[in-house]
Q: 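Let me begin by handing over the structure; questions about it come next.
A quick note: this is a predicted structure, and the numbers were derived from the prediction, not measured. In what follows, chains carry the letters A, B, and so on, assigned in the order in which the sequence lines appear, proteins first and then strands, with residues in each chain numbered from 1.
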There are 4 protein chains.
Amino acid sequence: MLGVGIIGAGLMGTTHARILGAAVSGAEVVAVSDALRESAERVAAEVGVETIYADGLELIADPRVDAVVIASPAVTHEPFTLACLEAGKPVLCEKPLAISAAASLRIVEAEAALGRRLVTVGFMRRFDPGYVDLKAQLDAGAVGRPLLVHCAHRNPHVHPHFDSAMIITDTAVHEIDITRWLLDQEIVRATVFTPRPTSEAPAGLRDPQLIIFETEDGLLVDVEAFVNARYGYDIRCEVVGEAGTIELLSPSTVALRSANAEALAIPRTFPERFGVAYLHELQSWIAAIERGEEAPGASAWDGYAAAAVSEAAVESLETGRPVDVTLGTRAATIAAR
Amino acid sequence: MLGVGIIGAGLMGTTHARILGAAVSGAEVVAVSDALRESAERVAAEVGVETIYADGLELIADPRVDAVVIASPAVTHEPFTLACLEAGKPVLCEKPLAISAAASLRIVEAEAALGRRLVTVGFMRRFDPGYVDLKAQLDAGAVGRPLLVHCAHRNPHVHPHFDSAMIITDTAVHEIDITRWLLDQEIVRATVFTPRPTSEAPAGLRDPQLIIFETEDGLLVDVEAFVNARYGYDIRCEVVGEAGTIELLSPSTVALRSANAEALAIPRTFPERFGVAYLHELQSWIAAIERGEEAPGASAWDGYAAAAVSEAAVESLETGRPVDVTLGTRAATIAAR
Amino acid sequence: MLGVGIIGAGLMGTTHARILGAAVSGAEVVAVSDALRESAERVAAEVGVETIYADGLELIADPRVDAVVIASPAVTHEPFTLACLEAGKPVLCEKPLAISAAASLRIVEAEAALGRRLVTVGFMRRFDPGYVDLKAQLDAGAVGRPLLVHCAHRNPHVHPHFDSAMIITDTAVHEIDITRWLLDQEIVRATVFTPRPTSEAPAGLRDPQLIIFETEDGLLVDVEAFVNARYGYDIRCEVVGEAGTIELLSPSTVALRSANAEALAIPRTFPERFGVAYLHELQSWIAAIERGEEAPGASAWDGYAAAAVSEAAVESLETGRPVDVTLGTRAATIAAR
Amino acid sequence: MLGVGIIGAGLMGTTHARILGAAVSGAEVVAVSDALRESAERVAAEVGVETIYADGLELIADPRVDAVVIASPAVTHEPFTLACLEAGKPVLCEKPLAISAAASLRIVEAEAALGRRLVTVGFMRRFDPGYVDLKAQLDAGAVGRPLLVHCAHRNPHVHPHFDSAMIITDTAVHEIDITRWLLDQEIVRATVFTPRPTSEAPAGLRDPQLIIFETEDGLLVDVEAFVNARYGYDIRCEVVGEAGTIELLSPSTVALRSANAEALAIPRTFPERFGVAYLHELQSWIAAIERGEEAPGASAWDGYAAAAVSEAAVESLETGRPVDVTLGTRAATIAAR
């Protein structure tokens, strides 16, 4: 039974703690930390844990903690992840890996220096059954070599402090990771287009955005990122290959026929849409640690690449021009797979 | 240019007159008749016709009338159809062909005595692109030999004089015809089940009904006939074969994503659902007459068989027992195809 | 950590052991038994268990076994379940609960005498996300009061010893349970129709079957049970209410467009279709035991009712007539809900 | 009965002649012309016409010709259309209206000088039931104000002389017209991205292309134009508004379940996909002429705007930069609507 410590008792930390406590085999939550004691206590009570730390570093040092989940504010990800590396403990860090590409690269290099893969970045979509099936069919050659990927990422609404750059760094970053994973190659350039913003967005927010990514092999990925889409939490992805296309379906289970329409429900929130992905992410992470294997999720390099591509896209958003992505070499790092 | 006379200026007569006037090549409406002069005048004015008759027999006798559409009350279908046969004029008679199987058989026999196929019964579904595609795939062997057909026929509501037997004779009769056509064989037995009626139906109306038909080769057809289904006009059909199934889709053209649902419109009325079928029915009827060929729609025999099966089903509804269909022999008739 | 013993190391026992070992929180497999030692050893090795019993009764008696899963041949279900009751241990018994309605009723009565709900029957569909959503919408009144349920249960093929009665007792029994659960009422009559059998079935097998069930409130359920459907493992269910219908969708996650078709995969096997249901069934069973609550799955009474309805349907298959279901009174039993 | 003359007896001319001859009310084909006498004779024979001209100008001059369909090579569109204007005869000209924006503008100006709308451009999609429904829902406010349009235009293959610019001028031009029509505004800028070309395309063909259009109100339209998509003729369009999205569905009528998949057919050719649109285009054109009304299809201005946008996109394809569209003012022209 693996002892897991949870750093950060906000929405994501609570979600992870609940899943670990109620639905994952082989692990138990043994400690919770949060800068806000109340939050830590609430989560600890819910999952039946007694050990609470104010400081994540203390939690990492606790000998009963075999593995760490980091779900605290982004600015703390780098120090906590580095502390886990130092302690030699596997860590699942919520995205982003760090607050910049440069900071993410420091983690990549620290892990490389250690010589052991310990860092997993919480890009949970890699565990969504839809994306998994899509990649399996793509890799099996069902549509030949890929050429284009069309994506849409729609949130019904966002909190009031969300700004235009976060539509890339917090929202489209999921598409950056998942298309890198689907296509198995790096993104090398980003161009951002912004239409007239929706009148539903706060003044000044450039929402939606249409982002064009180009990959090292010359493939194109277009992403509509729209965080005030109102109608639902809707994630779409179609890969176009030389012989056909594969498209993610909405995860509806029933059709309701009433009032002159046949209706399929669209999720309202990301936990509703990706609940199964979070479960599989955690279960496979725990199972890999138990077996002494590398965790199957996104690596530190993946977290770094996502940050580097995001930064290029943000620069394109600000300048209106295509911006090349600058990536360090993988040579100095542990192979990502 | 073929001159067409329309007998009956109600909903169906008006529908046919409009289509002939505005969307069919090779024909023009030259006369309209209705027992109610006002109705005849309204339709005549709409399609730009001057000749109006009070009596359908006069219309049939008019030498400018090359072909006749009968859309008057069911009780008049037999005399008007027989008059068309006597006059040697092609006739498209709305269903039912006559008010009973016995009366329908008289028409079959009169046409056989004449020795020429002149009668077409207005089972328009045979011209619906969906049913046409379904039959084409079935006949091409896409699912092997058929075993079962599942049907649902749902109307949002019916007029207040609709009674329990009419759910068979007016509603399910379409499924009787279309499954005979799809399977290319006769129905030989009917069993009617009635659940607790919907509280939306008038007291005494046994709505919905579940009807099981057995065919001469031992296939089964189940039909849900539900005339107060409220939510829309919804027609469903799935043929189950030895290697797969083929199912009719709802004829939606767009998907609307809003308010946490993806919605496909369901038609509200039968003209909305089967407008294209009525058009194709009339165009192919006119084209066949022009070429001197047999019309491709349901024959007098088909109208008779539908009536005979309906009568067996009504008897089952009344007695609660399976009832065998008694059919005359085709030997005495013109081959249906 | 709850200790679970698995009786029966065939397909279902192995499935349950794997899920308990790799994906369920709060439980561990502590013992396995099978009449065939080899099978027991294989499963035990796979989930890392050392204790193997030849006899299920010994396993039940093992003090480390807190709860029991019975997945041995049907004939053994009654004695093992009764032994669990005697030992006061929660038991999840694969369907059928026993080999007859009479035997099932003995278990109902034994449990009632004990005065504690310990028996759960493995009707896993109650945990399938699709059926759960369907029931939630139905119970929320999305389509008004239900009137009819249309079901299809299609297996690609069955083993050579499958006989016509088993199409009811092994196959349609799932629809018997799930429609009782969806509608929250008993089935009181069964009528079986059989079309010309598929030529893909062995001679003598009456496959497919069309079964009509009537419930105590007069609702109708029709079930197509087809065990040589070849094209896939396909489960369909549509509930028709007074204001609309709710229909189970196939659990596809992606659409493949290639070769002039858009294709959604259909499962090949029941574990593929209901894998998530098995997981939720086990997780919720374990969680309920841990919390000292009643397990949420099908009760002994449900197992008994399914057997009684199956027997009526088998009699109808043999006689060709509608057959009433004879149910004992619930009065003498623990409330099923 | 309107007399129609067909100029050009190739694929499109033949298609129009057949539809006019067999399925349109109120018109008859009275003359056919083609530079290749054989082609003209073949079409004339098929629709039962005796009058054949080698020169389209003679056909236009024939007093029995009330209206003209131009389906000859693009280079001839300008002179024939101008001749129709001179003769005061309504003309339906296949796209493109002329071989350049400048030439198209000359037609716009000639028609404006005449002071009567006589020119219709054959952008048939405006009559496709799907696009019509999409626009109706959009205009009814179903998704609020539009922000983005995502389009894909996929052909299975093209003839060997197709070049990279034609992917814009012959293929994406349909999206240029239909999105101008859907959004009711002009496109003002085009940016073309090209991924690694498909290996199925001839060397040198930049296929597929991803084109971003910006409109006068700042909306964005992205178009994947892919002419060697192999798997089918597939047209997709989704309009994203402030409150939801509306998406065109594939026009399938049946679902085939076989071999572990549920499959919906995808058309193979554009006549299969847009056959109904061609019929409605012609029927509504004839009906408008008969009633002395303006034809409802694309105007000369629409043809000009499509050409001007195409030219900007071709320049972007060649230069790799965004290119602004230069449009004359509508002031000098007849109002397009």
Q: State, to 0.1 Å, how close C/G26 and C/E290 come at their nearest heavy-atom pair, and which atoms those are.
A: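 Minimum heavy-atom separation between C/G26 and C/E290: O-OE2, 3.2 Å.
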
Q: For C/F123 and C/H174, what are the C-alpha separation, side-chain angles and deciding distance, and is it a side chain to side chain contact (heavy atoms under 4.5 Å, CB included)?
A: CA-CA 7 Å; C/F123 284 118; C/H174 281 288; 3.9 Å; yes

Q: Which one of A/G241, A/G244, A/G130 has the most heavy-atom pairs closer than 4.5 Å to chain C?
A: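 Top count of heavy-atom pairs under 4.5 Å with chain C: A/G130.
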
Q: Ignoring hydrogens and angles, tell me if any N or O in the side chain of C/R42 forms a donor-acceptor pair with the backbone of C/A9 under 3.5 Å.
A: yes

Q: Side chain from CB out, backbone as N, CA, C, O: work out which of these in C/L264 comes under 4.5 Å of a heavy atom of chain A, or both, or neither.
A: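 Contact with chain A involves the side chain of C/L264 alone.
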
Q: Checking C/Y233 against C/R273: is there a side-chain donor and acceptor pair closer than 3.5 Å?
A: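 Side-chain D/A pair, C/R273 to C/Y233: absent.
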
Q: Could you tell me which of A/V132, A/L134, A/L256, A/V276 has the largest number of non-hydrogen atom pairs under 4.5 Å with chain C?
A: A/L256

Q: Under a 4.5 Å cutoff for heavy-atom pairs, which residue among A/T245, A/I246, A/L279 has the most contacts with chain C?
A: A/T245

Q: Checking side chain to side chain contact (heavy atoms under 4.5 Å, CB included) between C/V47 and each of C/I6, C/I19, C/V29, C/L20, which is the one that passes?
A: C/V29

Q: So what's closer than 4.5 Å to chain A heavy atoms on C/Q137: side chain, backbone, both or neither?
A: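 The side chain, not the backbone.
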
Q: Using non-hydrogen atoms and a 4.5 Å limit, figure out which bit of A/A255 sits close to chain C: side chain, backbone, both or neither.
A: both

Q: Given the options A/A27, A/P129, A/P251, which has more heavy-atom pairs under 4.5 Å with chain C than any of the others?
A: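 The answer is A/P129.
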
Q: Testing C/E238, C/E224, C/R236 for side chain to side chain contact (heavy atoms under 4.5 Å, CB included) with C/H150, which one passes?
A: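 Answer to the side chain to side chain contact (heavy atoms under 4.5 Å, CB included) test with C/H150 among C/E238, C/E224, C/R236: C/E238.
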
Q: Where on C/A23 is there a heavy atom nearer than 4.5 Å to chain A: the side chain, the backbone, both, or neither?
A: both

Q: Are there over 12 heavy-atom neighbours, none belonging to A/R268, within less than 6.0 Å of that residue's CZ?
A: no

Q: Count the heavy-atom pairs under 4.5 Å between each of A/D133, A/L248, A/V24 and chain C, then report the option with the highest count.
A: A/V24

